[in-house]
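None of these values were measured; they are calculated from a predicted model. In each ligand, atom 1 is the first atom listed, and ligand 1 is the first ligand listed.
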Amino acid sequence: MASFIVIEGIDGCGKGTQARLLYEHLKELGKDVVLTAEPTKGPLGKLIREHLQDPFLDDGALALLFAADRIEHLDKVVRPALEAGKIVISDRYVYSSIAYQGQRVDLDWVSEINKYSDRPTIAILLDITVQLAQRRMKERGDEMEYFEVDNDLQEGVRKAFIELSRGRHLPDSLKTKWFVVDASERKVEIADKIRDAVESVL
Ligand code: TYD
(Lines give C-alpha, C1' and ligand atoms only; values in the text may rest on other atoms or scores of the structure.)
Protein backbone atom coordinates (compact mmCIF):
# COMPACT_ATOMS: atom_id res chain seq x y z
CA MET A 1 0.00 0.00 0.00
CA ALA A 2 1.31 3.46 -0.87
CA SER A 3 2.62 5.23 2.22
CA PHE A 4 4.52 8.44 2.72
CA ILE A 5 6.90 8.30 5.69
CA VAL A 6 8.86 11.38 6.72
CA ILE A 7 11.75 11.55 9.16
CA GLU A 8 12.50 14.81 10.93
CA GLY A 9 14.82 16.17 13.60
CA ILE A 10 17.58 18.68 14.32
CA ASP A 11 20.95 18.54 12.57
CA GLY A 12 23.03 15.60 13.81
CA CYS A 13 20.04 13.55 15.06
CA GLY A 14 20.90 10.63 12.74
CA LYS A 15 18.01 10.93 10.26
CA GLY A 16 20.11 10.07 7.23
CA THR A 17 21.36 6.82 8.77
CA GLN A 18 17.94 5.83 10.09
CA ALA A 19 16.18 6.63 6.81
CA ARG A 20 18.63 4.31 5.04
CA LEU A 21 18.23 1.52 7.63
CA LEU A 22 14.45 1.72 7.31
CA TYR A 23 14.73 1.69 3.52
CA GLU A 24 16.93 -1.44 3.61
CA HIS A 25 14.63 -3.16 6.10
CA LEU A 26 11.51 -2.55 4.00
CA LYS A 27 13.35 -3.69 0.85
CA GLU A 28 14.28 -6.93 2.62
CA LEU A 29 10.60 -7.43 3.38
CA GLY A 30 10.02 -7.25 -0.37
CA LYS A 31 8.36 -3.82 -0.39
CA ASP A 32 8.64 -1.37 -3.24
CA VAL A 33 10.36 1.58 -1.53
CA VAL A 34 11.82 4.91 -2.61
CA LEU A 35 14.32 6.73 -0.40
CA THR A 36 14.47 10.46 -0.98
CA ALA A 37 15.44 13.67 0.83
CA GLU A 38 14.96 17.41 1.13
CA PRO A 39 16.71 19.59 0.17
CA THR A 40 16.66 17.58 -3.08
CA LYS A 41 19.44 16.89 -5.54
CA GLY A 42 17.57 18.94 -8.16
CA PRO A 43 18.52 22.48 -9.28
CA LEU A 44 16.72 24.24 -6.41
CA GLY A 45 18.16 21.84 -3.83
CA LYS A 46 21.64 22.54 -5.25
CA LEU A 47 21.13 26.26 -4.89
CA ILE A 48 20.01 25.77 -1.28
CA ARG A 49 23.13 23.71 -0.51
CA GLU A 50 25.35 26.37 -2.03
CA HIS A 51 23.75 28.91 0.30
CA LEU A 52 24.16 26.61 3.33
CA GLN A 53 27.90 26.37 2.65
CA ASP A 54 28.49 30.01 1.81
CA PRO A 55 25.41 32.15 2.63
CA PHE A 56 24.20 34.68 0.07
CA LEU A 57 20.39 34.68 0.43
CA ASP A 58 17.93 36.55 2.61
CA ASP A 59 16.09 34.21 5.05
CA GLY A 60 12.75 34.95 3.36
CA ALA A 61 14.17 34.08 -0.05
CA LEU A 62 15.63 30.90 1.46
CA ALA A 63 12.21 29.94 2.87
CA LEU A 64 10.71 30.36 -0.60
CA LEU A 65 13.46 28.24 -2.12
CA PHE A 66 12.83 25.41 0.35
CA ALA A 67 9.11 25.61 -0.49
CA ALA A 68 9.83 25.66 -4.24
CA ASP A 69 12.22 22.72 -3.94
CA ARG A 70 9.46 20.85 -2.09
CA ILE A 71 6.91 21.51 -4.85
CA GLU A 72 9.37 20.06 -7.36
CA HIS A 73 10.09 17.12 -5.05
CA LEU A 74 6.38 16.32 -4.64
CA ASP A 75 5.74 16.69 -8.35
CA LYS A 76 8.71 14.75 -9.70
CA VAL A 77 9.44 12.14 -7.03
CA VAL A 78 6.91 11.73 -4.23
CA ARG A 79 3.54 11.78 -6.01
CA PRO A 80 4.58 9.58 -8.97
CA ALA A 81 5.96 6.97 -6.54
CA LEU A 82 2.83 7.06 -4.36
CA GLU A 83 0.61 6.81 -7.42
CA ALA A 84 2.58 3.70 -8.43
CA GLY A 85 1.73 2.21 -5.01
CA LYS A 86 5.23 2.57 -3.55
CA ILE A 87 6.37 3.46 -0.05
CA VAL A 88 8.22 6.78 0.02
CA ILE A 89 10.67 7.60 2.82
CA SER A 90 11.74 11.23 2.91
CA ASP A 91 14.68 12.44 4.99
CA ARG A 92 13.07 15.82 5.95
CA TYR A 93 9.86 17.38 4.67
CA VAL A 94 7.60 20.39 5.24
CA TYR A 95 7.96 20.22 9.04
CA SER A 96 11.63 21.17 8.64
CA SER A 97 10.55 24.40 6.95
CA ILE A 98 8.13 25.19 9.74
CA ALA A 99 10.69 24.34 12.46
CA TYR A 100 13.77 25.99 10.88
CA GLN A 101 12.44 28.87 8.77
CA GLY A 102 9.88 29.61 11.52
CA GLN A 103 12.84 30.64 13.72
CA ARG A 104 13.76 33.49 11.41
CA VAL A 105 10.68 34.46 9.39
CA ASP A 106 6.95 34.68 10.11
CA LEU A 107 5.58 31.22 10.95
CA ASP A 108 2.14 31.76 9.37
CA TRP A 109 3.77 32.85 6.15
CA VAL A 110 5.98 29.75 6.14
CA SER A 111 2.85 27.58 6.55
CA GLU A 112 1.10 29.55 3.81
CA ILE A 113 3.85 29.06 1.20
CA ASN A 114 3.91 25.35 2.02
CA LYS A 115 0.17 24.80 2.14
CA TYR A 116 -0.03 22.60 -0.95
CA SER A 117 2.27 20.01 0.58
CA ASP A 118 0.63 16.58 0.82
CA ARG A 119 -0.10 15.10 4.20
CA PRO A 120 2.33 12.26 5.00
CA THR A 121 1.06 8.94 6.37
CA ILE A 122 3.36 9.29 9.38
CA ALA A 123 6.08 11.58 10.65
CA ILE A 124 8.91 10.28 12.81
CA LEU A 125 10.73 12.76 15.02
CA LEU A 126 14.22 11.76 16.12
CA ASP A 127 14.55 13.76 19.30
CA ILE A 128 17.98 14.46 20.77
CA THR A 129 19.62 17.22 22.80
CA VAL A 130 21.51 19.87 20.83
CA GLN A 131 24.63 19.07 22.85
CA LEU A 132 24.67 15.39 21.89
CA ALA A 133 23.80 16.12 18.25
CA GLN A 134 26.65 18.62 18.02
CA ARG A 135 29.05 16.11 19.56
CA ARG A 136 28.02 13.45 17.03
CA MET A 137 28.55 15.82 14.11
CA LYS A 138 32.00 16.74 15.40
CA GLU A 139 32.92 13.06 15.89
CA ARG A 140 31.84 12.35 12.31
CA GLY A 141 34.04 15.23 11.17
CA ASP A 142 31.08 16.94 9.44
CA GLU A 143 31.75 20.33 7.97
CA MET A 144 29.42 22.63 9.91
CA GLU A 145 26.92 24.51 7.73
CA TYR A 146 24.70 27.59 8.06
CA PHE A 147 22.15 26.37 10.64
CA GLU A 148 24.44 23.81 12.29
CA VAL A 149 26.76 26.39 13.83
CA ASP A 150 23.92 28.21 15.59
CA ASN A 151 23.17 26.43 18.89
CA ASP A 152 20.36 28.79 19.87
CA LEU A 153 18.63 28.16 16.56
CA GLN A 154 19.02 24.38 17.01
CA GLU A 155 17.44 24.66 20.49
CA GLY A 156 14.53 26.58 18.95
CA VAL A 157 14.19 24.03 16.16
CA ARG A 158 14.16 21.15 18.65
CA LYS A 159 11.35 22.81 20.64
CA ALA A 160 9.45 23.59 17.44
CA PHE A 161 9.59 19.94 16.31
CA ILE A 162 8.26 18.79 19.69
CA GLU A 163 5.39 21.27 19.38
CA LEU A 164 4.69 20.07 15.82
CA SER A 165 4.65 16.46 17.00
CA ARG A 166 1.86 17.50 19.39
CA GLY A 167 -0.10 18.91 16.47
CA ARG A 168 0.51 22.55 17.40
CA HIS A 169 1.24 25.36 14.90
CA LEU A 170 0.08 23.22 12.00
CA PRO A 171 -2.68 23.81 9.49
CA ASP A 172 -5.19 20.92 9.52
CA SER A 173 -3.95 19.75 6.13
CA LEU A 174 -0.51 18.97 7.60
CA LYS A 175 -1.61 17.21 10.78
CA THR A 176 -0.54 13.58 10.82
CA LYS A 177 0.36 10.69 13.08
CA TRP A 178 3.67 11.38 14.85
CA PHE A 179 6.08 9.00 16.53
CA VAL A 180 8.74 10.58 18.72
CA VAL A 181 11.84 8.41 19.11
CA ASP A 182 14.65 9.08 21.59
CA ALA A 183 17.62 9.50 19.24
CA SER A 184 20.20 9.38 22.02
CA GLU A 185 19.85 5.59 22.17
CA ARG A 186 21.95 3.11 20.20
CA LYS A 187 21.55 3.00 16.45
CA VAL A 188 19.97 -0.49 16.42
CA GLU A 189 17.50 0.40 19.17
CA ILE A 190 16.40 3.52 17.34
CA ALA A 191 16.04 1.51 14.13
CA ASP A 192 13.86 -1.07 15.94
CA LYS A 193 11.54 1.62 17.29
CA ILE A 194 11.19 3.20 13.87
CA ARG A 195 10.36 -0.20 12.34
CA ASP A 196 7.68 -0.82 14.98
CA ALA A 197 6.16 2.60 14.34
CA VAL A 198 6.15 2.10 10.58
CA GLU A 199 4.81 -1.44 10.75
CA SER A 200 1.93 -0.23 12.92
CA VAL A 201 0.66 1.94 10.07
CA LEU A 202 1.60 -0.02 6.93
P1 TYD B 1 20.13 18.20 5.87
O2 TYD B 1 19.04 17.28 6.17
O3 TYD B 1 21.20 18.41 6.91
O4 TYD B 1 20.81 17.82 4.51
P5 TYD B 1 22.22 17.07 4.36
O6 TYD B 1 22.21 15.93 5.33
O7 TYD B 1 22.21 16.64 2.93
O8 TYD B 1 23.26 18.13 4.67
O9 TYD B 1 19.50 19.63 5.50
C10 TYD B 1 20.33 20.72 5.28
C11 TYD B 1 19.91 21.88 6.17
O12 TYD B 1 18.71 22.46 5.68
C13 TYD B 1 19.65 21.52 7.62
O14 TYD B 1 20.33 22.46 8.46
C15 TYD B 1 18.16 21.72 7.79
C16 TYD B 1 17.82 22.73 6.74
N17 TYD B 1 16.43 22.73 6.22
C18 TYD B 1 15.62 23.83 6.45
O19 TYD B 1 16.03 24.80 7.11
N20 TYD B 1 14.36 23.86 5.94
C21 TYD B 1 13.87 22.84 5.18
O22 TYD B 1 12.70 22.90 4.74
C23 TYD B 1 14.70 21.70 4.95
C24 TYD B 1 14.18 20.56 4.12
C25 TYD B 1 15.98 21.68 5.48
Subject >> Verify atom 5 (P) of ligand 1: protein non-hydrogen atom under 4.0 angstrom away >> reply: yes

Original post:
Can you tell me which residue and heavy atom of the protein come closest to atom 20 (N) of ligand 1, and the distance to 0.1 Å?
Top reply: Q101 OE1, 2.7 Å

Subject >> Closest protein heavy atom (residue, atom, distance) for atom 2 (O) of ligand 1 >> reply: R92 NE, 2.7 Å

Original post:
How about Y100 and F66: are their ring centroids closer than 6.0 Å?
Top reply: no

Subject >> Contact atoms of ligand 1, heavy-atom distance to F147 under 4.0 Å >> reply: 14 (O), 16 (C), 19 (O)

Subject >> Side-chain donor/acceptor of Q101 to backbone N/O of L62, under 3.5 Å >> reply: no

**OP:** Using a strict cut-off of 4.0 Å, indicate which atoms of ligand 1 neighbour a heavy atom of S96.
**Re:** 20 (N), 21 (C), 22 (O), 23 (C), 24 (C)

Original post:
To which protein heavy atom is atom 22 (O) of ligand 1 closest, and what is the distance rounded to 0.1 Å?
Top reply: S97 OG, 2.7 Å

Original post:
Quick one: does K15 get an N or O within less than 3.5 Å of an N or O on ligand 1?
Top reply: yes

Original post:
ligand 1 and R49, any nitrogen or oxygen pair closer than 3.5 angstrom?
Top reply: yes

Original post:
What protein heavy atom sits nearest atom 11 (C) of ligand 1, and how far off is it?
Top reply: L52 CD1, 3.6 Å

Original post:
Between R92, R158, R136, which is the residue that forms a salt bridge (Lys or Arg N to Asp or Glu O under 4.0 Å) with D11?
Top reply: R92

**OP:** Please determine if R195 and E199 form a salt bridge, counting it only when a charged side-chain N lies under 4.0 Å from a carboxylate O.
**Re:** no

Subject >> Flag, side chain of T36 to backbone of S90, donor-acceptor distance under 3.5 Å >> reply: no

Original post:
Which part of E38 is near ligand 1, with near meaning a heavy atom under 4.0 Å away: side chain, backbone, both or neither?
Top reply: both

**OP:** Flag the pair S117 / L174 as yes when at least one side-chain heavy-atom distance between them is below 4.5 Å, and no otherwise.
**Re:** yes

Subject >> Polar side chain donor-acceptor pair, S97 to R70, under 3.5 angstrom >> reply: yes

**OP:** Output yes when the distance from some N or O of ligand 1 to some N or O of Y93 is under 3.5 Å, and no in every other case.
**Re:** no

**OP:** If you have a sec, work out which protein heavy atom is nearest atom 18 (C) of ligand 1 and how many Å separate them, to one decimal?
**Re:** F66 CZ, 3.2 Å

Subject >> G16 to ligand 1, any heavy atom closer than 4.0 Å >> reply: no

Original post:
Hey, is the main chain of D172 close enough, under 3.5 Å, to the side chain of R119 for a donor-acceptor pair?
Top reply: yes

Original post:
Got an N/O contact under 3.5 Å between D11 and ligand 1?
Top reply: yes

Subject >> Residue of the set D150, L153, N151 for which side-chain contact (heavy atoms from CB on, under 4.5 Å) holds with V130 >> reply: N151

